[in-house]
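Here is the structure we will look at, set down as structure tokens.
Just so you know, these numbers come straight off a predicted model, no measurement behind them.
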Amino acid sequence: MMKIDVLTLFPRMFEGPMGESIIGKAVAKELLEINVSNFREYSDNKHQTVDDYPYGGGAGMLLKVQPIYDNIKAIEEKHPETKKRVILLDPAGKPFNQKMAEEFSEEEHLIFICGHYEGYDERIRSLVTDEVSLGDYVLTGGELGAMVMIDATVRLLPDVLGNQTSAQTDSHSTGLLEHPQYTRPAEFKDMKVPEVLTNGNHKLIEEWQLKESLRRTYLRRPDMLEKLEMTPQMEKMLSEIKKEEA
């Protein structure tokens, strides 16, 4: 069972998302355990303050190291048997992507630290293994980013999805965007399902799916193709696509 701990000042933000859909099912099937801590409860002063002004001046407040340290220490004492990966949500961190989600899904115990206010006391960084950003924009806090990363990670755990192939063929997992998909009816308001998908020839269907994945990636995310190891078949298909889309 994977264990996930979240350190936040706003634990109620996680009540809905962490109890519904795939994540909720994973918890119900005892494939996942999620605990959310309010690190304000670990503050060592009577006012339970968790932030203070930065030395040397500057705008805003910084999260103090002590509450975070003591919260992590409490988790360590509760679960001394697990190997932990501690993730700091930080706009200056490494951008989160599918490869990182796959790495996280192999871990035994993840701890997410959700920041708020202006930033962190630099000493908090000494407590973590990873500093990760959701993207090149600023959110009010790290909570939404942590939810996204948890969702992307948990769905990759064995037996969480009903069909494990779904996770393996999703957009980004293969290095390509996912091909177009269709369901019944075969025709709706003069819009028809491509004939190749209804003829039962699995080889032709797989070729069509690969080519359309390449097409969608070429048109929407050509940067992804620069990192892709192309087979001769894929190179031929891409050449055809460029001519077709010219």
Can you name the nearest heavy-atom pair linking [X] to [Y], along with the distance?
X: I113; Y: I72; answer: CD1-CD1, 3.9 Å
X: A26; Y: V160; answer: CB-CG2, 4.0 Å
X: P17; Y: M147; answer: CG-SD, 3.7 Å
X: A146; Y: C114; answer: CB-SG, 3.7 Å
X: K64; Y: T49; answer: NZ-OG1, 4.1 Å
X: V50; Y: R40; answer: CG1-CA, 3.6 Å

Please determine whether a side-chain nitrogen of the Lys or Arg among [X] and [Y] lies less than 4.0 Å from a carboxylate oxygen of the Asp or Glu.
X: R215; Y: E245; value: yes
X: R85; Y: E107; value: yes
X: E212; Y: R216; value: no
X: E102; Y: K99; value: no
X: E207; Y: K211; value: no

Start with the C-alpha gap between N45 and Q66, add the side-chain angles, then the distance that decides, and say whether side-chain contact (heavy atoms from CB on, under 4.5 Å) holds. CA-CA 10 Å; N45 66 75; Q66 176 272 318; 5.6 Å; no
For the pair [X] (side chain) and [Y] (backbone), establish whether a donor and an acceptor sit closer than 3.5 Å, ignoring hydrogens and angles.
X: S37; Y: F39; result: no
X: S213; Y: L177; result: yes
X: T129; Y: V86; result: yes
X: Y120; Y: G115; result: yes
X: T174; Y: L176; result: yes

Atom [atom1] of residue position [X] - does it have more than 12 heavy atoms of other residues, nucleotides or ligands inside 6.0 Å?
X: K84; atom1: NZ; result: yes
X: R125; atom1: CZ; result: yes
X: E30; atom1: CD; result: no
X: Y53; atom1: OH; result: no
X: Y55; atom1: OH; result: no

Check the side chains of E108 and T82 for a donor-acceptor pair under 3.5 angstrom, ignoring hydrogens and angles.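 E108 and T82 do not have a side-chain donor-acceptor pair below 3.5 Å.
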Any ring-ring contact (aromatic ring centres under 6.0 Å, His included) involving residues 71-114? Give me the pairs, sequence neighbours left out, ordered by first then second residue.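 Applying ring-ring contact (aromatic ring centres under 6.0 Å, His included) to every pair that reaches into residues 71-114, excluding sequence neighbours, yields H79-H109.
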Would you call E178 and T217 a side-chain contact if the rule is heavy atoms closer than 4.5 Å?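 When only atoms from C-beta onward are counted, T217 and E178 do not touch, as no gap falls below 4.5 Å.
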May I ask you to test the I75-I111 pair for a side-chain heavy-atom distance under 4.5 Å?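 Yes, at least one pair of side-chain atoms sits under 4.5 Å.
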